[in-house]
J.: 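One structure is given below, represented as structure tokens, and several questions about it will come after.
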Amino acid sequence: MTELTNTALNRTEQLGFIDLSARKRIESLLDSGSMRELLTPFDRLTSPWLEKQGIVPQFDDGVVIARGKLDDKPVVAAAIEGGFQGGSLGEVGGAKIAGILELAIEENRKGNPTAAVLMLETGGVRLQEANLGLAAIAEIQSAIVELRQYQPVIAVVTGPVGCFGGMSITAGLCSYLIITREGRLGLNGPQVIEQEAGVEEYDSRDRGLIWGLTGGIQRFATGLVDAFVDDDVSALSTCVRDCLAAGVPTLHRSDDIAAPLKRLQQFDTREQIDAQRARFTLTQGKTA
Amino acid sequence: METLHFTRPARAAEIQPALVGYVGSGDLEVMIEPLQGSQTEIHIQTSSPGSEIRWRQVIEQIEARISLPAMRMDIHDFAATPGVIRLRIEQAIELASAVEASA
């Protein structure tokens with residue numbers, strides 16, 4: 001009984017990260033008072049394409065970028081607002097993320113070590129801005145590949161949206177990837193797969209199946225992410241700082257593909273996939 | 001999507017820029033910036049067509065409760081209900097007026 005009370009008390013002390021807005025997410029992770037937002041909503045840099053298609057825009061185009069500090073070290077940060085158009089990336093929002101990463105590259109070239117933290121809640125490219133969104137994502141990816149040579153690029157995927165489409169590749173390119181139980185990571189979203197493969201094979205309403213395959217626990221168990229944390233600001237904050245302190249990894253996950261590729265090539269697609277078989281396939285020969 | 005524009009009488013007041021909400025299902029974002037003079041300009045983009053009378057009524061309800069400071073208010077509405085709209089607008093005015101209260 002005493003133990004139960006203590007647990008209940010501890011829980012009230014936790015501050016959930018998932019419920020925070022993109023702006024508050026950055027503010028909650030950076031050193032207190034260090035956040036300086038660039039291209040704020042008051043700059044009115046909205047999507048020029050959504051209005052033409054009868055869709056209400058948002059003043060920050062669903063992306064918040066900032067400079068700030070982590071453990072007194074300069075960093076740049078970007079967060080996507082998952083609630084606005086499914087966290088989709090269009091021309092403006094994509095350029096904001098690419099721009100802040102390029103700013104960090106410039107700082108490193110000038111001899112000022114600057115790392116990056118990306119909070120990714122996104123379905124990927126914004127279909128209404130198709131090619132411009134794709135181009136922006138390509139720019140983000142090439143910036144990450146350059147920046148990660150200097151300093152860690154840390155990605156955080158907590159949910160509720162998760163990280164899908166081209167942005168899941170972006171996440172995979174980062175030096176470190178942090179996920180929660182709610183977080184999901186996958187190339188195609190559940191509804192897209194269902195539409196393509198049929199509901200018998202992949203039921204997008206089957207939460208157990210979806211989280212079993214793409215959820216945080218599975219992604220951590222199969223080594224596709226580096227850290228698994230609770231939905232708690234202080235736990236997440238510690239984890240991001242640990243990744244920063246660990247420095248540039250000796251081998252980036254995206255350069256270490258021979259073994260996973262071999263495992264995937266041996267995979268028999270004739271049999272229905274489930275969480276257990278996916279885990280076995282991706283971990284065989286790696287863990288006991 | 002529909003674009004609406006209202007101009008209302010207001011009192012000259014020192015306010016600060018403020019932003020609340022976001023453009024998600026059933027919600028809206030409200031942005032306030034200071035405006036010289038004695039009127040309030042309200043610019044609305046809403047996903048709900050044919051809602052002009054409803055917006056006018058919500059604004060009148062708010063005016064009955066608080067005296068509007070001179071400002072430019074921009075609203076991006078994603079099918080919020082009148083209750084949510086009123087809550088967000090009042091929240092934004094309160095945040096914008098915080099400088100006035102502390103002075």
J.: Measuring heavy-atom distances to chain B, does A/Glu51 have an atom under 4.5 Å in its side chain, in its backbone, in both, or in neither?
T.: both
J.: When only pairs under 4.5 Å are counted, which of B/Glu2, B/Met1, B/His76 shares the most heavy-atom pairs with chain A?
T.: B/His76
J.: Select all residues of residues 40-67 of chain B having any heavy atom within less than 4.5 Å of some heavy atom of chain A, and report them by number, or 'none'.
T.: B/Gln45, B/Thr46, B/Ser47
J.: Does A/Arg241 CZ have over 12 foreign heavy atoms under 6.0 Å away?
T.: yes
J.: Flag yes if more than 12 heavy atoms outside B/Gln91 fall under 6.0 Å of its CD atom; otherwise flag no.
T.: yes
J.: Should the heavy atoms of other residues, nucleotides or ligands under 6.0 Å from CZ of A/Arg44 be counted, would the total exceed 12?
T.: yes
J.: I need the contact set between residues 18-34 of chain B and chain A: heavy-atom distance under 4.5 Å, sorted by residue number.
T.: B/Ala18, B/Leu19, B/Tyr22, B/Val23, B/Gly24, B/Glu29, B/Met31, B/Ile32, B/Glu33
J.: Which residues, numbered in order, of residues 78-89 of chain A come under 4.5 angstrom of chain B by heavy-atom distance?
T.: A/Glu81, A/Gly83, A/Phe84, A/Gln85
J.: Keeping to residues at least two apart or across chains, list the salt bridge (charged side-chain N to carboxylate O under 4.0 Å, His left out) pairs with something in residues 88-104 of chain A.
T.: none
